[in-house]
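Just so we're on the same page: letters track the sequence lines, and every chain starts at 1. Bear in mind that the values here come from a model prediction, so they are computed numbers and not experimental data.
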Amino acid sequence: MSQPFYITTAIAYPNGKPHIGHAYEAIATDAIARFQRLQGRDVRFVTGTDEHGLKMVQTARAAGRDTLEFADEMSSYFRDMCDKLNISYTAFMRTSDERHHKASQALWNAMQERGDLYLDRYEGWYSVRDEAFYDESELVEGEGDVKLSPQGTPVEWTVEETWFFRLSRYQDALLALYAQNPEFIQPESRRNEVLRFVEGGLRDLSVSRTSFDWGVKVPGSPDHVMYVWVDALTTYMSGIGYPDTDGEFARFWPADVHIIGKDIVRFHAVYWPAFLMSAGLPLPKRVFGHGFLLSRGEKMSKSLGNVVDPMELADLFGVDALRYFFLREVSFGQDGSYSAEAIVTRVNADLANSFGNLAQRTLSLIFKNCDGYLPAIRGHAAEDSALFDLVGSVVATEIPAHFENLAMSQALESWMKAVFACNAYIDAQAPWALKKSDPERMETVLATLFICIAQLALAAQPIIPEAATKLLDQMGVPEAVRNFAQIGSHWYSPLAESDYRLEQPKGLFPRLELAPEDGGNP
RNA sequence: GGCGAAGUAGCUCAGCUGGUUAGAGCGGUGGAAUCAUAAUCCAUAGGUCGGGGGUUCAAGUCCCUCCUUCGCUACCA
């Protein structure tokens with residue numbers, strides 16, 4: 001039985017439509033999930049929407065809508081985005097789902113039994129927008145003597161009864177966790193921040209609210225709903241069946257990695273493991289905080305008017321192109337910058353000119369000179385072996401290693417290195433010239449390239465699933481060998497000896513053009 | 001204020017535990033080729049590796065200091 005692999009994105013707060021950051025996270029996570037499938041792993045991939053909290057209630061009310069009905073609509077945009085971007089999730093979990101409520105309550109009960117929850121009174125400055133209490137000292141002065149949170153959101157003095165989680169109990173256990181599992185929080189810079197935060201001491205955490213009721217009811221405390229983060233994080237469990245602890249949950253928990261944005265590292269690297277320890281559940285193996293995408297180096301904001309709809313980008317440039325750009329151009333874990341020119345330049349250079357053209361010229365030569373039948377290999381020259389060695393080690397070793405490290409941009413850098421080698425090889429061997437001087441040698445050269453291109457297409461499949469699949473289809477590469485373990489095996493000769501015949505090859509990586517309005521303003 | 005990250009060719013960035021002439025992609029320039037999506041290949045670009053000081057036989061790579069940008073965090077009148 002194949003090994004399980006469980007990965008998640010953060011679940012999105014859908015009080016607005018998906019923005020490019022949501023798309024980026026989904027794409028990166030999907031690439032990892034697809035890679036693991038091609039490694040033969042049995043993958044579960046959970047994403048979804050985090051719909052509770054006062055903000056949703058207020059946003060819905062402002063639009064004159066019923067909260068749940070509003071949440072239904074907003075959540076659907078996120079699901080649509082995932083579908084459009086070829087995100088291969090296995091569950092789209094909504095926190096408003098009944099099953100999810102049961103899961104959250106089960107987790108709560110487990111923490112309760114451990115004695116980690118207690119009722120107390122909380123007085124303080126509360127920000128509705130941030131859903132958080134602040135200390136007097138943290139506040140800043142706004143215009144007209146108004147007090148604002150450190151994030152600049154309005155606060156009001158609030159007194160409420162609230163359940164607390166004994167986070168303070170877990171300081172040592174968390175520090176031990178970080179020490180024993182250096183890879184628990186990545187990248188390194190995030191890990192340091194968390195370490196210092198926890199070393200500085202932990203206060204108990206307020207984990208319920210009474211000021212609104214749009215949330216998961218606290219068991220035995222009907223006036224309380226859970227703090228959004230408690231139930232939001234629980235989607236990672238409910239997405240694979242919890243509170244049913246047999247079946248999927250037993251097989252896939254804990255997560256191999258939670259992919260999240262760098263802004264919510266604390267919730268995932270401090271609160272979440274503490275909750276799980278309290279509930280007596282195994283902890284995720286890794287939490288990875290990726291960076292943000294900046295539009296031409298600037299943060300996206302409505303006031304700057306540079307908010308980009310990822311769906312539009314996908315329509316404009318294509319899903320595979322967008323996926324490729326994000327994962328190639330941005331070093332995973334760091335912030336990245338994007339612009340229409342950057343996308344066009346990168347995609348044209350790598351996909352259209354280098355790889356797409358390589359595939360096209362090779363398949364065209366076979367189609368025209370071999371009548372579409374895959375040519376036989378008649379002994380290897382040194383150059384052939386050199387190319388096989390290079391492509392083979394890139395595909396079998398370098399790319400998988402980079403993917404395991406969640407270094408997709410480096411995986412693609414290796415991939416391009418192999419593509420360049422193929423282009424250099426085809427130019428040096430010049431099969432179009434061999435056609436007259438040495439037809440048998442021409443066939444060997446074309447067969448060599450065919451094999452290498454198939455390997456490269458497979459390796460790129462997690463990043464550009466649609467085009468890579470079409471290319472492998474065009475080439476007649478059997479399903480059975482479309483994985484990292486088999487693509488390096490000897491499948492070519494049987495295929496060449498079969499009556500498989502290439503159709504007229506069609507380009508799969510069209511050159512992009514920059515719309516005039518995107519060309520200007522630097 | 002504390003802690004941390006970053007500052008390397010026009011642009012985007014690689015450079016692990018210090019060691020031959022500091023690398024890649026894109027762009028620019030000069031060739032070659034014409035099978036292919038006017039795509040490809042080859043050659044090339046002489047950059048005080050933010051400034052200064054130090055350790056060392058040897059530093060982009062360690063130490064100190066200063067400047068700039070960013071992140072986390074604390075706090076004060």
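rG51(B) sits 12 Å from rG7(B) when the C1' atoms are compared, rounded to a whole Å. Comparing the C1' positions of rG50(B) and rU8(B) gives an interatomic distance of 10 Å, to the nearest angstrom. Separation of the P atoms belonging to rG27(B) and rU68(B) is 36 Å when rounded to the nearest angstrom. The same atom, P, is picked in rG25(B) and in rC66(B); the two are 39 Å apart, to the nearest Å. A distance of about 29 Å separates the P atoms of rA58(B) and rA45(B), rounded to the whole Å. For rC35(B) and rA6(B), the P atoms lie 50 Å apart once the distance is rounded to whole Å. Between rC13(B) and rG4(B), the two P atoms lie 24 Å apart (nearest whole Å). Using atom C1' as the reference point in both rU17(B) and rC62(B), the two lie 12 Å apart (nearest Å).
Within the structure, a side-chain polar atom (N or O) of R511(A) is placed less than 4.0 Å from OP1 or OP2 of rA39(B).
A heavy-atom distance below 4.5 Å is found between the side chains of L174(A) and L202(A). Taking the side chain as every heavy atom from C-beta outward, S414(A) and H402(A) approach each other to under 4.5 Å.
Remark: L365(A), K368(A) in residues 365-383 of chain A come within less than 4.0 Å of RNA chain B through at least one heavy atom. Contacts of residues 388-421 of chain A with RNA chain B (heavy atom under 4.0 Å): F420(A).
Note on ring orientation: taking the six-membered ring where Trp is involved, the planes of F275(A) and F165(A) are perpendicular (angle over 60°, cut-offs 30° and 60°). Taking the six-membered ring for Trp and thresholds of 30 and 60 degrees, W229(A) and F267(A) have nearly parallel ring planes, at less than 30 degrees apart.
Nucleotide rU12(B) is matched to rA24(B) when pairs are restricted to Watson-Crick or G-U wobble geometry with both distances under 3.5 angstrom. Applying the Watson-Crick and G-U wobble criteria (two distances, each under 3.5 Å), rC3(B) pairs with rG71(B). Nucleotide rU40(B): paired with rA32(B) (Watson-Crick or G-U wobble, both distances less than 3.5 Å). Base pairing of rG46(B): no nucleotide in any strand meets the Watson-Crick or G-U wobble criterion (both distances under 3.5 Å).
Side-chain contact of R361(A) with N423(A): a donor-acceptor pair under 3.5 Å is present, judged by distance alone. Between the side chains of H268(A) and Y236(A), a donor-acceptor pair is found at a separation under 3.5 Å. A donor-acceptor pair shorter than 3.5 Å cannot be found between the side chains of H380(A) and S385(A). Looking at D499(A) and Y373(A), their side chains never bring a donor and an acceptor atom within 3.5 Å of each other. Of the N and O atoms on the side chains of T162(A) and S206(A), at least one donor lies less than 3.5 Å from an acceptor on the other residue.
Here the P atom of nucleotide rA36(B) and the CG atom of L508(A) are 17 Å apart, to the nearest Å. One atom, CG of L294(A), and another, P of rG71(B), lie 10 Å apart when rounded to the nearest Å. Taking atom CZ of residue F197(A) and atom C1' of nucleotide rG71(B), one finds them 15 Å apart after rounding to whole Å. At whole-Å resolution of the value, CZ in F326(A) and P in rU12(B) are 18 Å apart. rA39(B) atom P lies 14 Å from atom CG of D350(A), rounded to whole Å. Atom pair E329(A):CD and rA14(B):P shows a separation of 12 Å (rounding to whole Å applied). Taking atom CG of D427(A) as the reference point, atom C1' of rA43(B) lies 14 Å away to the nearest angstrom.
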Could you pull out all donor-acceptor pairs under 3.5 Å where a side-chain atom in residues 451-469 of chain A meets a protein atom, sequence neighbours excluded?
residue	atom	partner	partner atom	Å
E466(A)	OE2	K470(A)	NZ	3.3
T469(A)	OG1	P465(A)	O	2.6

When the side chains of residues 179-187 of chain A are checked against the rest of the protein, which donor-acceptor pairs come out under 3.5 Å, sequence neighbours left out?
residue	atom	partner	partner atom	Å
N181(A)	ND2	L177(A)	O	3.0
Q186(A)	OE1	R286(A)	NH1	2.9

Would you tabulate the nitrogen or oxygen pairs shorter than 3.5 Å linking the protein to nucleotides 1-8 of chain B?
residue	atom	partner	partner atom	Å
rC3(B)	O2'	R196(A)	NE	2.8

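Checking R190(A) against R328(A), the closest nucleotide of RNA chain B that is more toward the 5' end is the one next to R328(A). Two residues, P510(A) and S354(A), neighbour RNA chain B, and the one matched to the more 5' nucleotide by heavy-atom proximity is P510(A).
Looking at heavy-atom distances under 4.0 Å, L449(A) makes no contact with the nucleic acid at all. Contact annotation for A424(A): backbone-only contact, meaning every heavy-atom pair under 4.0 Å involves sugar-phosphate atoms and none involves a base.
Interface remark: the N357(A) side chain does form a donor-acceptor pair with the rA36(B) base, using a distance-only criterion of under 3.5 Å.
Among rU40(B), rA33(B), rC26(B), the nucleotide with an atom closest to any side-chain atom of W432(A) is rA33(B).
In summary, the aromatic rings of F292(A) and Y24(A) are positioned with their centroids too far apart to meet the 6.0 Å limit.
Legend: side-chain hydrogen bond (donor to acceptor under 3.5 Å, both in side chains) pairs involving residues 325-336 of chain A, not counting sequence neighbours, sorted by first then second residue: K262(A)-D335(A), E329(A)-R346(A).
No more than 12 heavy-atom neighbours from other residues, nucleotides or ligands sit within 6.0 angstrom of CZ on R121(A).
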